[in-house]
Amino acid sequence: MNDQDDIEVTWDDQNMINSYAKVNDRKNEIVREIEKLDREVVNLEEAETEVVLGDEEVRFRIGEIFIEVDQMDAEELINSSREEIEEQLVVLNDELDEIRSQLAELKVKLYAKFGNSINLEDGTE
């Protein structure tokens with residue numbers, strides 16, 4: 001038996017492990033949300049190109065419905081939507097940076113105590 005098999009897991013250690021798991025789950029949620037919003041930005045950019053090249057009347061989707069708007073209004077709606085999404089992306093990226101910092105701190109503490117006995121890699125980075 002080696003020393004790593006005899007490491008006692010204290011209440012504080014278990015709380016750190018649980019915190020790591022919760023923060024890591026939140027990180028994964030944010031990454032998925034960022035990917036979704038990035039796709040929406042690309043879709044809006046493609047829609048903007050279509051509007052510029054298209055007809056005078058444009059069908060614009062708002063939630064579950066489509067409304068007909070003229071080309072200028074469609075461009076404004078697209079730009080407004082893109083700005084909203086870009087603001088959300090800034091907030092999410094800031095939160096992601098903070099979470100990655102928290103995860104790094106927890107990893108240092110947990111690996112210092114448990115060494116190779118604990119696996120904190122999730123394979124998404």
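In this chain, residues are counted from 1 in sequence order. Hydrogens, waters and symmetry mates are skipped; everything else that's a heavy atom, side chains included, is used.
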Quiz item: For Tyr20, does its backbone N or O pair with a side-chain atom of Asn24 as donor and acceptor, under 3.5 Å?
Solution: no

Self-check item: With sequence neighbours excluded, residues passing side chain to side chain donor-acceptor pair (under 3.5 Å) with Arg32
Solution: none

List, one per line, each side-chain donor-acceptor pair under 3.5 Å for residues 77-86, sequence neighbours excluded.
{"from": "Asn79", "atom 1": "OD1", "to": "Arg82", "atom 2": "NH2", "distance (Å)": "2.8"}
{"from": "Asn79", "atom 1": "ND2", "to": "Glu75", "atom 2": "O", "distance (Å)": "3.2"}
{"from": "Ser81", "atom 1": "OG", "to": "Leu77", "atom 2": "O", "distance (Å)": "3.0"}
{"from": "Arg82", "atom 1": "NH1", "to": "Glu48", "atom 2": "OE1", "distance (Å)": "3.1"}
{"from": "Arg82", "atom 1": "NH2", "to": "Glu48", "atom 2": "OE1", "distance (Å)": "3.2"}

Self-check item: Path from Val69 to Met72 over hydrophobic side-chain contacts below 4.5 Å
Solution: no

Self-check item: With sequence neighbours excluded, residues passing side-chain contact (heavy atoms from CB on, under 4.5 Å) with Lys36
Solution: Glu33, Arg39, Glu40

Practice problem: Nearest 0.5 Å please: distance from the NZ atom of Lys27 over to the CG atom of Asp97. | Solution: 12.5 Å

Quiz item: Side chain of Asn18, backbone of Asn15: donor and acceptor closer than 3.5 Å?
Solution: no

Practice problem: Measure the shortest side-chain to side-chain distance between Arg26 and Glu95 over non-hydrogen atoms and say whether it is less than 4.5 angstrom. | Solution: yes

Quiz item: Do Glu46 and Val42 pass the side chain to side chain contact (heavy atoms under 4.5 Å, CB included) test, and can you show the C-alpha distance, the side-chain angles, and the key distance before you say yes or no?
Solution: CA-CA 6 Å; Glu46 290 173 0; Val42 169; 3.7 Å; yes

Self-check item: Sub-4.5 Å side-chain heavy-atom contact between Met16 and Glu105
Solution: no

Quiz item: What distance do Ile118 atom CD1 and Ile17 atom CD1 have between them, rounded to the nearest 0.5 Å?
Solution: 4.0 Å

Self-check item: Ile99 side, atom CD1; Lys22 side, atom NZ - distance, nearest 0.5 Å
Solution: 13.0 Å

Quiz prompt | Any donor-acceptor pair under 3.5 Å from Lys109 side chain to Asp13 backbone | solution = no

Practice problem: To the nearest 0.5 Å, tell me how far Glu50 CD sits from Asn43 CG. | Solution: 11.5 Å

Practice problem: Working to the nearest 0.5 Å, report the span between CG of Asp94 and CG of Leu89. | Solution: 11.0 Å

Practice problem: Measure the spacing between CD of Glu8 and NZ of Lys113 and express it to the nearest 0.5 Å. | Solution: 6.5 Å

Quiz item: Is there side-chain contact between Leu92 and Leu96, with at least one heavy-atom pair below 4.5 Å?
Solution: no

Practice problem: Examine distances only and state if a side-chain atom of Thr49 and a backbone atom of Glu45 form a donor-acceptor pair shorter than 3.5 Å. | Solution: yes

